[in-house]
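All heavy atoms count here, side chains included; hydrogens, waters and symmetry mates do not. Because the structure is predicted, anything quoted here is derived from the model rather than measured.
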Amino acid sequence: MRLTCMFSFILLFGAAGLIVFIHLQDPAEMVRQQRLAPEHWLNGHLKGMKFEFSLHQPEKDCTSNNQYGDTMENAAKQLMKINQVVPSYPPYQYAALLQNTNRRQKKMMFLKRENKKSTERKLLKKKTRFLLKETPILIAMNSSAVDLTRLEINDKNGKWKKLYEMQIERKKLMRDICSKYKSSSRRIITPYHVSRIFVEDKHKLLYCEVPKAGCSNWKRVLMVLNGLASSTKDIHHNTVHYGNYLKRLDSFDRNGIFYRLNTYTKMIFIREPFERLVSAFRDKFEHANNYYHPVFGKAIISKYRRNATKEALWTGSGVQFTEFIQYLLDVHRPVGMDIHWDHVSRLCSPCLIDYDFIGKFESMEEDADFLLHLIGAPKNLTFPRFKDRHSNEERTTNKITQQYFAQLSPTERQRTYDFYYMDYQMFNYTKPFEDLY
C-alpha cells in the first residue's frame, strides 16, 4: 500500500514539473529552433537527428520593439523561401525529394558537359595540324600504290622505257642503302616527316622540296597544275615562296595524310651535295640578305673570325666559305641548321617515305618531262629553266664548286664529305675529290 502511494506521488510530481517546464519555455527560442531545423537539414549538418516541422507562414510579431521581433521576422522570411522551393513534406519524403533534385542537377551538369565537349570537338577539327603532332602514322613497308609503267605504246626510240628503267635502279639503290643503314622494322611517319611535302590534288602529286635543287620552278609547275596560274613565267619568286598558295601534306588530318601517301605519286628531286652546298652559300651570303646575314652571318663571324671588325659583327655580312664550313662541321654550332644545306635524308625522309620518282638536278629536263608525262600533265606544260634570282650570275656548276672547295684543307673536305655521306651513297653520286675515302 505504501509502495503504491509512493509511486503515484512520484508520477504526479513529475507531471507537475513537466507542465511548469513547458510553461516557462521561451516561444521565440522554439521558433528559432524550427527555423534552423530545415536549414541544417538542407546543408546536411543534422543527419540522424529526429525532428518535425511544419512549413507554414508564421504570424509576424506585431511588437517591433520586442527583442525577438527581428528574429521572428527573419525566421518567417527564411521559412517562406523554403516553402516556395519545396512543398510541405515529412523529413523522410523531403530527403527523397532532395535526391531527385540532385539527380536533375547532375543531369543538367552532364548535358552542359556534353555541349561543352561538342564545342571542343568542333574546335579540334579546326586544329587537326596540332593534333597530328601527337599521333604518328604507321604505314606498311613499300606502300607505294602508283605504278610507273604507264607508258605510251608508240614510245619513240624507247625513251620512256630507258627513263623508267633508270627510275627502277634509283629506287632500288635508295632502298638498299636504307636497308643497310636504317632500321626498317617500324615505319612511323609523323607530320614533321611530311612538313616539306607539297600537295597537288588534281593530278595526285606529292613533291618533297629540296632547296637549291630546282624547288622554286617545281613549285611554279605545281601552281600551274593546280590552276593557280596559266604559265610558270607569270609567277614571281616571292609569290612562290611566300604566297602560301600550295598546301603542305602536314596540313591535312591523319586520314588525309595516310590516303595521299598511299595513292599519290610521290616525287623528290636532288642535287650533287657539294654543288648544292656551294649554291646555297653563294645565294645566302654573297648577296644582300636581311635574314641570313643578321641571323647566321653575325653568329658565324663572331665565333670563327679572329679580329673581326665592328661592322662585320654588326651586319653579319662578308662571311667567308671557310668560316661557313667551320660552322657546318661544328657540333656546337652558334646557330642551328637550315634547310638550304641540310641533308636530303633529313629533309624528305626517303627511308620512311617510299618515293615513286627520284629526279636529279643534273638531268632535270628529261626527268621532269618524264614525270609530267606519267601524271598526265598538259602537253604544253614544261619545266621552266629560267633563273629568277641573280639571273646575271652564272649557275653553280661543278667547276665553280671545285674552286670553292679548293679553299679548304683535305681534312675539311673529308669531314664535309662525311657530313653528306648518306646523300652521296643513297643517290649514287661519285666522290667529288680523288683524295676522299
Side-chain angles (χ1 to χ4, degrees), residues 128-129 146 148 150 163 167 191-253 256-257 259-271 276 279-280 283-284 289 291 338-340 342 344 347-350 353 355-391 395:
T128 52
R129 182 174 182 179
V146 180
L148 294 178
R150 292 180 294 178
L163 293 174
Q167 284 297 317
Y192 168 78
H193 295 118
V194 299
S195 61
R196 305 222 62 80
I197 296 181
F198 291 89
V199 180
E200 202 286 289
D201 285 315
K202 186 176 180 180
H203 294 84
K204 295 187 175 183
L205 184 64
L206 300 179
Y207 165 63
C208 185
E209 175 191 32
V210 177
K212 313 311 298 180
C215 67
S216 298
N217 283 336
W218 267 119
K219 288 181 181 179
R220 289 183 172 93
V221 171
L222 293 181
M223 293 178 70
V224 173
L225 288 173
N226 203 35
L228 298 173
S230 58
S231 172
T232 56
K233 296 180 180 180
D234 300 331
I235 308 173
H236 191 266
H237 178 85
N238 290 340
T239 304
V240 170
H241 291 285
Y242 310 117
N244 294 323
Y245 293 105
L246 297 173
K247 294 179 290 185
R248 293 178 186 262
L249 188 54
D250 66 344
S251 67
F252 294 88
D253 61 18
I257 293 176
Y259 171 75
R260 286 168 177 81
L261 284 175
N262 283 277
T263 60
Y264 283 25
T265 301
K266 301 177 288 295
M267 72 161 178
I268 179 176
F269 271 77
I270 41 84
R271 187 176 185 178
R276 175 172 167 257
S279 177
D283 181 28
K284 305 306 178 186
N289 192 296
Y291 172 74
D338 184 80
I339 60 172
H340 291 84
D342 204 352
V344 175
L347 292 173
C348 296
S349 304
I353 300 172
Y355 287 95
D356 305 300
F357 193 96
I358 303 170
K360 290 191 173 185
F361 184 84
E362 294 76 19
S363 56
M364 178 66 78
E365 186 173 351
E366 62 178 5
D367 285 349
D369 288 345
F370 184 41
L371 176 68
L372 293 174
H373 170 75
L374 288 174
I375 66 173
K379 293 186 176 180
N380 62 344
L381 176 62
T382 58
F383 185 81
R385 294 295 296 172
F386 58 83
K387 192 172 183 283
D388 60 347
R389 282 170 61 86
H390 321 305
S391 56
R395 288 183 182 273

Side-chain contact, heavy-atom cut-off 4.5 Å: Ile235 with Leu228?
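When only atoms from C-beta onward are counted, Leu228 and Ile235 do not touch, as no gap falls below 4.5 Å.
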In the structure I gave you, are the side-chain heavy atoms of Ser363 and Glu366 within less than 4.5 Å of one another anywhere?
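The answer is yes; the side chains approach within 4.5 Å.
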Heavy-atom pair with the smallest gap, counting every atom of Ser195 and Asp250
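In terms of heavy atoms, the two residues are closest at CB-OD2, 3.6 Å.
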Which heavy atom of Val344 sits nearest to which heavy atom of Pro350, and what is that distance?
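That would be O-CD, 4.0 Å.
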Using the side-chain contact (heavy atoms from CB on, under 4.5 Å) definition, which of the options Arg276, Lys212, Arg271 pairs with Phe361?
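By the side-chain contact (heavy atoms from CB on, under 4.5 Å) criterion, Phe361 pairs with just one of Arg276, Lys212, Arg271: Arg271.
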Is a donor on one side and an acceptor on the other found under 3.5 Å between the side chain of Lys204 and the backbone of Thr263?
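No.
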Any donor-acceptor pair under 3.5 Å from Asp338 side chain to His340 backbone:
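Confirmed, Asp338 side chain pairs with His340 backbone.
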Should we count OH of Tyr245 as having more than 12 external heavy atoms under 6.0 Å?
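No.
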Parallel, tilted or perpendicular: which one describes the rings of Trp218 and Tyr207, with boundaries at 30° and 60°?
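Because their plane-to-plane angle lies in the 30° to 60° range, the rings of Trp218 and Tyr207 count as tilted.
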For the residue pair His373 and Phe370, categorise the inter-ring angle as parallel (less than 30°), tilted (30 to 60°) or perpendicular (more than 60°).
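Ring orientation of His373 relative to Phe370: parallel.
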Is the shortest side-chain N to carboxylate O distance from [X] to [Y] below 4.0 Å?
X: Lys360; Y: Asp367; answer: no
X: Arg260; Y: Asp201; answer: yes
X: Asp234; Y: Arg220; answer: no

Can you tell me how far apart [atom1] ([X]) and [atom2] ([Y]) are? Round to the nearest 0.5 Å.
X: Cys348; Y: Ile268; atom1: SG; atom2: CD1; value: 4.0 Å
X: Leu374; Y: Leu163; atom1: CG; atom2: CG; value: 9.0 Å
X: Glu200; Y: Thr265; atom1: CD; atom2: OG1; value: 10.5 Å
X: Leu222; Y: His203; atom1: CG; atom2: NE2; value: 10.5 Å

